[in-house]
Every structure is written in C-alpha cells, then in structure tokens.
Amino acid sequence: MTAPLRISPSARSHASVLRLVAALAIVLLLAAAPLGAARGEDIAARYPQAREFFPTADRFGATEGDPPAAPVYRGDALLGYVFLTNDVVRIPAYSGKPINTLIGFDVAGRITGVAIVQHEEPILAVGISEARLKAFTDQYRGKSVFDKITIGGPREDYVAVDTISGATITVMVQNATIMRAALRVAESRGLRPGVATAAAVAPPPAAAPVVESPGAAVPETARAVAPSGTERAPPPPAATEKAVRPGRSQPPPRPQRAAPAPIAQPPLPAPPAMTGATGAEEPLWKQAWRERWGRIVLLVAGLATLTAILVFQDWLARRPTLLWYLRRGFLLYTLFFIGWFALAQLSVMHVLTFMHAFMHEFRWENFLIDPMLFILWGFVALTLLLWGRGVYCGWLCPYGALQELGNQIARRFGVRQIEFPDVVHERLWAVKYLVLILLFGVSLQSLGEAARYAEVEPFKTTVVMGFQREWPFVLYAGALLLVAVFNRKFYCKYLCPLGAALAIPGRFRVFDWWLRRRKECGHPCQTCARECEVRAIRPTGEINANECHYCLDCQVTYYDDNKCMPLVERKRRHERASRAREMVHAMEPHAGAMGLDESAEERGGRG
C-alpha cells in the first residue's frame with residue numbers, strides 16, 4: 001500500500017504566493033488594455049476645459065514629445081495642441097510653487113484657451129473670485145504665442161492685458177508662464193512667426209497615434225515619429241496643405257481638407273533658436289525691479305527718513321511738535337503709498353512661505369520677484385535686530401497706520417476710550433501667539449489651506465484689495481476698524497499673528513534697549529504707562545519690548561519737565577531755590593551795611 005503524499009507547510013505557503021502573483025498579473029494585463037486604448041483621451045478626460053478650447057475637435061492625441069503636448073484633431077485635420085505648463089516651464093510664484101495652467105493653441109499659433117488647473121497662491125485661493133480669474137485668462141484667447149505680452153499699461157511692440165488688482169506679481173508670473181510655455185511648445189512643433197503649418201495629417205491607428213518629433217528642426221508635415229521612436233515616412237503630398245502666412249493676433253484659419261491634386265512642398269527652413277528652451281529670457285525678478293524703479297526710489301527714501309528719525313530720536317523727543325508732524329506724516333505715507341499704492345502690506349503668509357521654502361527648496365528668485373516686499377522685509381529684518389518688532393508695527397504697517405489715524409480722529413471728537421483691566425489685557429496678548437501656532441501647524445500640511453485660515457488678517461481686504469471683496473470679509477475688516485476707534489490698535493495688540501511672528505526674533509536684538517527710562521518709572525510715576533498707546537508699559541515701569549510699537553510717546557514724556565514726575569519735582573525744587581534767592585536779594589537793600597556793621601561791633605564787644 002502506497003503511503004499518502006505529504007506536502008510541507010512551507011511548500012503550501014509558497015504555492016499560495018505564486019497563485020496570488022499570477023492573479024495580480026492577470027488583473028494588470030486586463031487593466032492595461034482599456035488604459036492603452038484611452039491614453040489619447042487622458043488630457044481631455046482629466047481637464048474638460050480642453051474640449052472648450054477646441055469645440056469642433058473629435059479626437060485628442062497622446063501627450064508626448066519634448067516638451068509634452070497633445071495634438072487635437074477633427075477627422076484627419078490637425079487643429080492644434082493642448083498642454084500643461086508644468087510639463088514645460090516652472091516659474092515659482094509667491095507660494096514657491098508654479099501655477100499649473102492648461103493652454104491650447106491652433107496650428108496658426110493663436111491661443112484658443114487658458115485655464116488655471118492647480119496652484120497654491122494665497123491671493124488666488126482666497127481673495128480673487130473665479131469670475132475675475134477667468135476674466136484675466138480669457139484675455140489671452142486669440143493672441144499669438146509669438147506676441148510679447150505686457151501687464152498693465154501699453155508698451156511699444158507689446159500687447160497689453162489688464163492685471164488683477166491686488167495680485168500684480170502673481171499675474172506677472174502667470175503671464176511669463178503662459179507665454180514662455182506656449183512659445184516653447186509652438187517652436188518645438190515647427191511653428192514660427194509669420195509661418196504656420198496647417199497640416200491635415202492622416203488619422204493614425206488608434207493603438208499608435210501620431211506624435212510629432214520632439215525638438216525637430218523641420219515641421220510636423222515633413223516627418224512623423226511612431227510612439228516607439230522609429231521614424232515614419234512623411235505623409236504623401238496629398239495629405240499636406242500649402243503653408244499659410246498668418247498675421248499676429250488674427251482670427252485662426254479655418255481647418256481645411258487636403259487638396260485632391262498632389263502638391264509638392266519644399267522643406268521649410270529650420271526654426272530659430274527657441275528662446276523658451278534656451279533660457280535666454282531675462283529673469284522675471286529683474287524685469288519687475290526695472291519696471292518698478294520709481295516706487296523703489298520712493299520706498300528707499302521713506303525708509304531712509306525713518307532710519308534718521310530712529311537714530312535722532314532723542315533730539316526729536318525734545319521737540320515734540322516737530323516729532324508729532326513727522327510721525328503723522330509718515331503714517332499717511334505708510335497708509336497711502338506703502339499700502340494702497342504699492343500694495344506692500346506684509347502678512348504672516350510671507351513668514352510661512354519663507355519658512356516653507358527654507359525647509360524645502362530655497363531660492364532667492366522666489367522672493368526677489370516683488371521688489372517692494374523684498375526691500376521692506378530686508379529693512380524689517382534689520383530693525384528687528386536693532387530695535388525689535390515695534391519699528392514695523394508702529395511705523396510701517398499700513399493697517400496699523402489706518403487704525404491709529406482713525407483712533408486719533410475719534411479722540412479729537414471726544415470718543416470715549418474703552419480699556420480692559422490689566423489682568424485681562426496681558427492675557428489677551430497670548431491670543432495672537434496661539435493664532436500664529438495654529439497657522440504654522442496648518443502650513444506644514446498645506447500653504448493653500450493656511451492661506452484660508454490667514455484671513456484672520458484683515459490686510460488683504462482693507463489694504464491689498466481696497467474693500468473690493470465679498471461682504472463677509474468687508475464686514476469683518478470694518479468691524480475691527482470700528483473696535484479700534486474705541487480701543488486703540490485693538491487688532492494689533494491681541495489678534496495679529498504677524499506681530500507675534502516678528503516678536504519672536506525681536507527678542508534677539510543686538511542692543512538691549514534704545515528707549516530711556518528713569519528709576520522712578522513705575523515707582524511711583526505712572527504717566528508713561530497711562531499714555532502708552534498699546535499699553536506695553538507695565539505698572540512696575542518696565543517696557544515689554546515684545547509689545548512696544550515704538551511710537552516714542554514715552555520718550556517725549558521722558559524729556560518733558562511738565563509731565564515726567566522726576567523732572568517735575570526737579571523743576572519745582574529749582575523754582576523754590578530760585579524764589580529763595582530772589583527773596584534774599586530783595587531783602588539786602590533794606591538790611592543795609594550799617595546793620596551788618598552793628599552786628600560786627602556787638603560780636604567784637606562780646607569778644
């Protein structure tokens with residue numbers, strides 16, 4: 001009798017693994033067939049906007065080539081190309097990430113559509129409506145990929161498009177991305193200024209769509225390459241059309257069928273060097289600095305003036321009237337020029353973006369693209385080391401200037417001020433630090449999501465967009481300004497995450513303190529503590545450098561012998577001594593010399 005065959009547990013386990021691998025292989029093979037058949041429809045299926053760019057198209061080719069682009073067909077006629085800018089050029093914007101845009105253009109080089117499909121820009125995520133964004137991108141429809149586009153006012157040899165208020169630098173980045181990417185794709189497909197190839201290519205087999213040779217020096221009508229990379233013979237003459245000469249920014253030509261009679265075509269000349277591919281374009285940040293040189297001069301002049309005020313603060317504090325006019329004038333400069341004109345309002349999102357870039361891929365070009373913000377941040381970094389947070393919060397913040405000027409006007413009209421008790425006031429200081437920690441935590445996951453939470457800052461609504469936003473944002477910003485009328489700089493004191501972010505490095509300033517104090521401050525004098533606009537002076541007399549806005553009011557009091565109690569007491573003693581001397585001098589004529597002589601004789605007789 002034969003013994004039964006025994007299978008070891010290890011062999012049984014090995015067989016189970018083999019069966020599982022075989023089953024997975026079968027599933028992958030079955031899935032590969034429909035994916036291969038639908039490969040050419042990927043870009044249109046994923047981005048429906050592509051069909052809006054070419055409403056008459058019935059087929060989209062595969063996204064291939066160098067740079068990658070998908071050809072668009074109607075029957076056997078090539079209509080144009082569709083591609084994503086991230087596959088061609090990547091120009092970082094404010095977030096440090098490029099703005100991925102879907103672009104289509106026809107065989108004449110006319111842009112048929114532009115649509116932003118992915119971005120992490122704070123200003124675009126929250127602040128710019130979809131309607132305004134679409135209105136901007138729609139301006140490119142009908143323009144040539146060879147046009148030179150400028151943002152804003154007209155320039156010689158340029159085609160102007162309108163900007164988006166409050167997002168000028170982001171718009172500049174987007175414009176450069178669109179035009180450079182479109183130019184590279186067009187040139188790689190053989191399109192050139194003044195000569196466009198309108199080809200009616202015979203429809204390739206479904207399994208092997210025709211894709212143009214990447215980076216070819218001859219147009220797509222002269223050669224075709226199969227997906228495997230092997231060259232095909234050029235299509236027969238009957239499948240080609242005569243080259244046309246379009247003018248710039250003209251309506252696209254109507255697609256045509258091949259002529260029945262064969263027409264021999266000479267090879268077209270090689271295209272010029274691709275400016276988009278060679279990287280010969282001027283860096284975008286240099287263009288921004290050159291175009292804004294006038295604003296840069298005014299900003300640098302203002303910062304130089306502020307530096308002089310800070311350096312000569314003791315001299316100015318002894319002249320309170322001059323300092324009063326200088327400070328109010330500078331606050332107006334900050335609000336109207338730095339804020340509403342130059343749109344250089346700093347934000348906590350700039351801090352988070354810098355930290356994100358520092359932890360991932362830091363490039364100075366990302367920050368140089370806005371000269372006003374770059375110069376302002378550089379100055380703020382310097383003043384943090386010398387004076388602390390207060391220089392920016394008290395002198396250079398447009399929203400802070402708006403709050404302070406509004407509060408001063410309210411005081412002139414006798415509006416009563418409402419203040420919290422000291423114990424509540426000092427605990428409310430912590431709120432802005434909690435907001436900063438929350439935003440930082442969210443930014444680690446997504447800067448775009450952090451931008452939504454950063455709407456706790458009313459800066460975008462009030463300064464950058466000039467209240468041109470949806471009503472909830474306007475209502476919130478207006479409410480904070482109304483509260484500041486009754487409680488001086490309420491938002492700055494308790495809610496501002498940017499102020500909290502600046503206070504942290506401000507603790508490491510080089511000089512201990514530039515503001516003068518006396519041993520009597522707080523014991524018993526409370527004059528400065530009562531007058532401090534942000535209540536940064538404790539009842540014990542110390543100035544909290546993390547909360548001080550450097551308004552210099554306490555320095556004016558320090559030198560004022562009518563307000564500073566030690567100086568008042570010294571002045572009183574001096575006045576009493578002066579009156580005593582005056583009384584002695586007044587009595588001398590009545591006493592006379594004889595009285596003095598008699599006194600001397602009496603002293604001599606006693607001796």
Side-chain angles (χ1 to χ4, degrees), residues 166 302 306 323-349 376 380 383 388-420 424-425 428-429 431-433 435-436 454-469 473-503 530-537 544 546-554:
L306 178 57
L323 180 60
W324 189 92
Y325 282 107
L326 277 176
R327 176 159 172 77
R328 272 63 187 178
F330 201 91
L331 290 177
L332 291 173
Y333 162 84
T334 296
L335 176 60
F336 286 96
F337 175 72
I338 295 181
W340 285 332
F341 181 75
L343 304 179
Q345 169 72 64
L346 302 190
S347 167
V348 71
M349 283 306 301
L376 194 56
V380 170
T383 56
R389 161 203 175 186
V391 174
Y392 175 76
C393 296
W395 293 81
L396 292 171
C397 178
Y399 187 78
L402 179 60
Q403 286 185 100
E404 184 168 347
L405 292 171
N407 183 271
Q408 290 177 5
I409 294 173
R411 287 171 180 259
R412 283 293 183 94
F413 285 94
V415 175
R416 181 183 177 184
Q417 300 296 295
I418 301 174
E419 298 290 351
F420 298 110
V424 177
H425 165 70
L428 286 176
W429 274 344
V431 175
K432 58 179 174 288
Y433 294 95
V435 175
L436 175 64
E455 285 298 322
V456 68
E457 293 181 325
F459 306 156
K460 188 186 299 182
T461 300
T462 308
V463 179
V464 177
M465 305 191 69
F467 295 98
Q468 301 298 314
R469 296 193 70 182
F473 297 101
V474 176
L475 182 62
Y476 170 70
L480 288 177
L481 290 175
L482 181 62
V483 172
V485 169
F486 302 95
N487 188 294
R488 195 171 185 177
K489 303 187 81 169
F490 172 86
Y491 173 81
C492 302
K493 291 187 291 188
Y494 306 129
L495 299 178
C496 182
L498 176 61
L502 296 179
R530 288 193 300 267
E531 292 183 348
C532 180
E533 66 177 41
V534 292
R535 297 177 65 186
I537 302 178
N544 187 342
N546 296 330
E547 304 300 329
C548 174
H549 286 196
Y550 223 85
C551 64
L552 299 180
D553 286 351
C554 62

**Student:** Residues two or more places apart in sequence or in another chain: which of them pass ring-ring contact (aromatic ring centres under 6.0 Å, His included) with Trp324?
**Tutor:** none
**Student:** Please enumerate all residues that pass side chain to side chain contact (heavy atoms under 4.5 Å, CB included) together with Glu531, with sequence neighbours excluded.
**Tutor:** Thr527, Thr557, Lys563
**Student:** Would you please name every residue forming a side chain to side chain contact (heavy atoms under 4.5 Å, CB included) with Asn487, sequence neighbours left out?
**Tutor:** Glu419, Phe420, Phe490, Lys493, Tyr494
**Student:** Indicate yes or no: at least one non-hydrogen side-chain atom of Val391 is less than 4.5 angstrom from one of Val380.
**Tutor:** no
**Student:** So Leu552 and Arg327, side-chain contact (heavy atoms from CB on, under 4.5 Å) or not? Walk me through it.
**Tutor:** CA-CA 9 Å; Leu552 299 180; Arg327 176 159 172 77; over 6 Å; no
**Student:** If you take all heavy atoms of Cys393 and Leu502, which pair is closest and at what distance?
**Tutor:** SG-CD1, 4.5 Å
**Student:** Is there a side-chain contact between Leu480 and Leu495, using heavy atoms and a 4.5 Å cut-off?
**Tutor:** yes
**Student:** Under the rule for side-chain hydrogen bond (donor to acceptor under 3.5 Å, both in side chains), what residues qualify as partners of Thr383, not counting sequence neighbours?
**Tutor:** none
**Student:** If the condition is side chain to side chain contact (heavy atoms under 4.5 Å, CB included), which residues does Cys492 pass it with, not counting sequence neighbours?
**Tutor:** Gln403, Lys489, His549
**Student:** Checking side-chain polar atoms at under 3.5 Å, does Asn407 have a donor or acceptor matched by the opposite partner on Gln417?
**Tutor:** yes
**Student:** Looking only at heavy atoms, which two atoms of Trp429 and Asn544 are closest? And how far apart?
**Tutor:** CZ3-ND2, 3.2 Å
**Student:** Mind checking what makes side-chain hydrogen bond (donor to acceptor under 3.5 Å, both in side chains) contact with Thr461, not counting sequence neighbours?
**Tutor:** Arg469
**Student:** Who are the ring-ring contact (aromatic ring centres under 6.0 Å, His included) partners of Tyr392, not counting sequence neighbours?
**Tutor:** none
**Student:** Checking side-chain contact (heavy atoms from CB on, under 4.5 Å) for the pair Ile537/Cys554: CA distance, chi angles, key distance, verdict?
**Tutor:** CA-CA 9 Å; Ile537 302 178; Cys554 62; 4.2 Å; yes
**Student:** When rounded to the nearest 0.5 angstrom, what is the spacing between CG in Leu402 and OG1 in Thr334?
**Tutor:** 11.5 Å
**Student:** Strictly under 6.0 Å, is that where the ring centroids of Phe473 and Tyr476 end up?
**Tutor:** no
**Student:** Any ion pair linking Glu547 and Arg389 (charged N to carboxylate O, less than 4.0 Å)?
**Tutor:** yes
**Student:** Applying side chain to side chain contact (heavy atoms under 4.5 Å, CB included), name anything that partners Val485, two or more places apart in sequence or on another chain.
**Tutor:** Ala410, Val415
**Student:** Which heavy atom of Ile338 sits nearest to which heavy atom of Leu396, and what is that distance?
**Tutor:** CD1-CD2, 4.0 Å
**Student:** Are Phe330 and Trp395 close enough that some pair of their side-chain heavy atoms sits under 4.5 Å apart?
**Tutor:** yes
**Student:** Checking side-chain contact (heavy atoms from CB on, under 4.5 Å) for the pair Leu335/Tyr399: CA distance, chi angles, key distance, verdict?
**Tutor:** CA-CA 7 Å; Leu335 176 60; Tyr399 187 78; over 6 Å; no
**Student:** Show the nearest heavy-atom pair for residues His425 and Val534, with the distance to one decimal.
**Tutor:** CE1-O, 3.6 Å
**Student:** Less than 4.5 Å apart, side chain to side chain, heavy atoms only: is that true for Trp340 and Pro398?
**Tutor:** no
**Student:** Holding to side-chain hydrogen bond (donor to acceptor under 3.5 Å, both in side chains), I want the full list of residues that pass it with Arg328, two or more places apart in sequence or in another chain.
**Tutor:** Gln408
**Student:** Not counting sequence neighbours, which residues clear ring-ring contact (aromatic ring centres under 6.0 Å, His included) with Tyr433? List them please.
**Tutor:** none
**Student:** Do Phe413 and Ile409 have side chains that get closer than 4.5 Å, going by heavy atoms?
**Tutor:** yes
**Student:** Provide the full list of salt bridge (Lys or Arg N to Asp or Glu O under 4.0 Å) pairs with a residue in residues 332-343, sequence neighbours left out, each pair given once.
**Tutor:** none
**Student:** Closest approach of Ala477 and Thr462, non-hydrogen atoms and distance?
**Tutor:** CB-OG1, 3.4 Å
**Student:** Any idea which heavy atoms bring Phe459 and Cys496 closest together, and the distance?
**Tutor:** CZ-SG, 4.0 Å
**Student:** Go through the structure and list residues passing ring-ring contact (aromatic ring centres under 6.0 Å, His included) with Phe486, not counting sequence neighbours.
**Tutor:** none
